[in-house]
**Q** 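I'd like to ask you about the structure that follows.
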Amino acid sequence: SLEIDFEVMTAIGLGDWTFAEGDAGALRRRLDRLSALDDGERRQRLAAAREALVRGFAWDDYWPRVIQRLDEDRRCA
C-alpha cells in the first residue's frame with residue numbers, strides 16, 4: 001500500500017522521493033530534484049538509505065526485532 005511504501009521510504013531517509021500514483025507533476029519535480037544532485041550526493045543518500053534498510057528491515061534479524069518491539073510495547077502499556 002502507499003502508506004506502507006511511504007513509511008518505509010521515510011524510515012530509510014527517502015520520504016522526499018515519494019509521490020502519489022498518477023501525479024505526473026510530482027514525479028517531474030522528484031526527477032528534477034534528483035537530477036540536481038551531483039553523483040556524490042546521490043551516492044551518499046543511497047548508501048545511507050541502504051544502511052538504514054539493512055538495519056531496520058533485513059530478514060535475518062526480523063523476529064528478534066519484532067519480539068523486542070512487542071516487549072517494549074508491553075512495558076509501556
Side-chain angles (χ1 to χ4, degrees):
S1 91
L2 183 58
E3 288 180 26
I4 292 172
D5 294 343
F6 182 72
E7 182 179 340
V8 171
M9 291 294 282
T10 299
I12 64 171
L14 298 177
D16 60 323
W17 288 15
T18 61
F19 56 94
E21 181 179 354
D23 188 343
L27 174 58
R28 170 63 13 211
R29 289 187 296 278
R30 297 316 182 273
L31 291 173
D32 288 345
R33 196 175 332 146
L34 183 59
S35 294
L37 297 175
D38 66 36
D39 288 342
E41 290 171 313
R42 262 193 305 275
R43 273 194 301 273
Q44 185 178 22
R45 295 249 353 239
L46 292 174
R50 182 183 185 284
E51 289 174 20
L53 186 64
V54 168
R55 187 175 52 252
F57 296 94
W59 286 105
D60 57 342
D61 65 344
Y62 176 78
W63 287 112
R65 286 186 289 116
V66 168
I67 292 168
Q68 178 183 355
R69 180 63 185 260
L70 290 172
D71 288 342
E72 290 169 3
D73 288 348
R74 275 188 230 136
R75 281 189 292 247
C76 293

**Q** Does W63 share a hydrophobic cluster with L70, counting links as ILVMFWY side-chain heavy atoms below 4.5 Å and allowing steps through other members?
**A**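 Per the 4.5 Å side-chain linkage, W63 and L70 are co-clustered.
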
**Q** Hey, does E41 have a side-chain heavy atom less than 4.5 Å from the side chain of R45?
**A**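 Side chain of R45 against side chain of E41, heavy atoms only: no contact under 4.5 Å found.
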
**Q** Give the cluster check for W59 versus V66: same hydrophobic cluster or not, with ILVMFWY residues linked at side-chain heavy-atom distances below 4.5 Å.
**A**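 In one cluster: yes.
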
**Q** Distance check, rounded to the nearest 0.5 Å: L27 atom CG versus D32 atom CG?
**A**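 Going from the CG atom of L27 to the CG atom of D32 covers 9.5 Å.
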
**Q** Using 0.5 Å steps for rounding, measure from the CZ atom of R29 to the CG atom of D16.
**A**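 It comes to 13.0 Å.
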
**Q** Which of these passes side chain to side chain donor-acceptor pair (under 3.5 Å) with D71: Q68, R74, R69, R75?
**A**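 It is R74; the other options fail the test.
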
**Q** Look at the side-chain heavy atoms of Ile, Leu, Val, Met, Phe, Trp and Tyr, link any pair under 4.5 Å apart, and say whether I12 and V54 land in one connected group.
**A**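 Result: no, two separate clusters.
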
**Q** State, to 0.1 Å, how close M9 and W17 come at their nearest heavy-atom pair, and which atoms those are.
**A**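 That closest heavy-atom pairing would be CE-CB, 4.2 Å.
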
**Q** Does R42 pair with D39 as a salt bridge, N-O distance under 4.0 Å?
**A**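 The answer is yes: the pair qualifies as a salt bridge.
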
**Q** Determine the minimum heavy-atom distance between A52 and A11, stating which atoms define it.
**A**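 Of all heavy-atom pairs spanning A52 and A11, the closest is CB-O, 4.1 Å.
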
**Q** Nearest 0.5 Å please: distance from the CZ atom of R65 over to the CZ atom of F57.
**A**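 With rounding to 0.5 Å, CZ (R65) is 7.5 Å from CZ (F57).
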
**Q** When rounded to the nearest 0.5 angstrom, what is the spacing between CG in L46 and CG in L53?
**A**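 Taking CG in L46 and CG in L53, the distance rounds to 11.5 Å.
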
**Q** Please indicate whether R50 has more than 12 foreign heavy atoms, meaning atoms of other residues, nucleotides or ligands, lying under 6.0 Å from its CZ.
**A**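 Counting other residues, nucleotides and ligands, CZ of R50 stays at 12 neighbours or fewer.
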
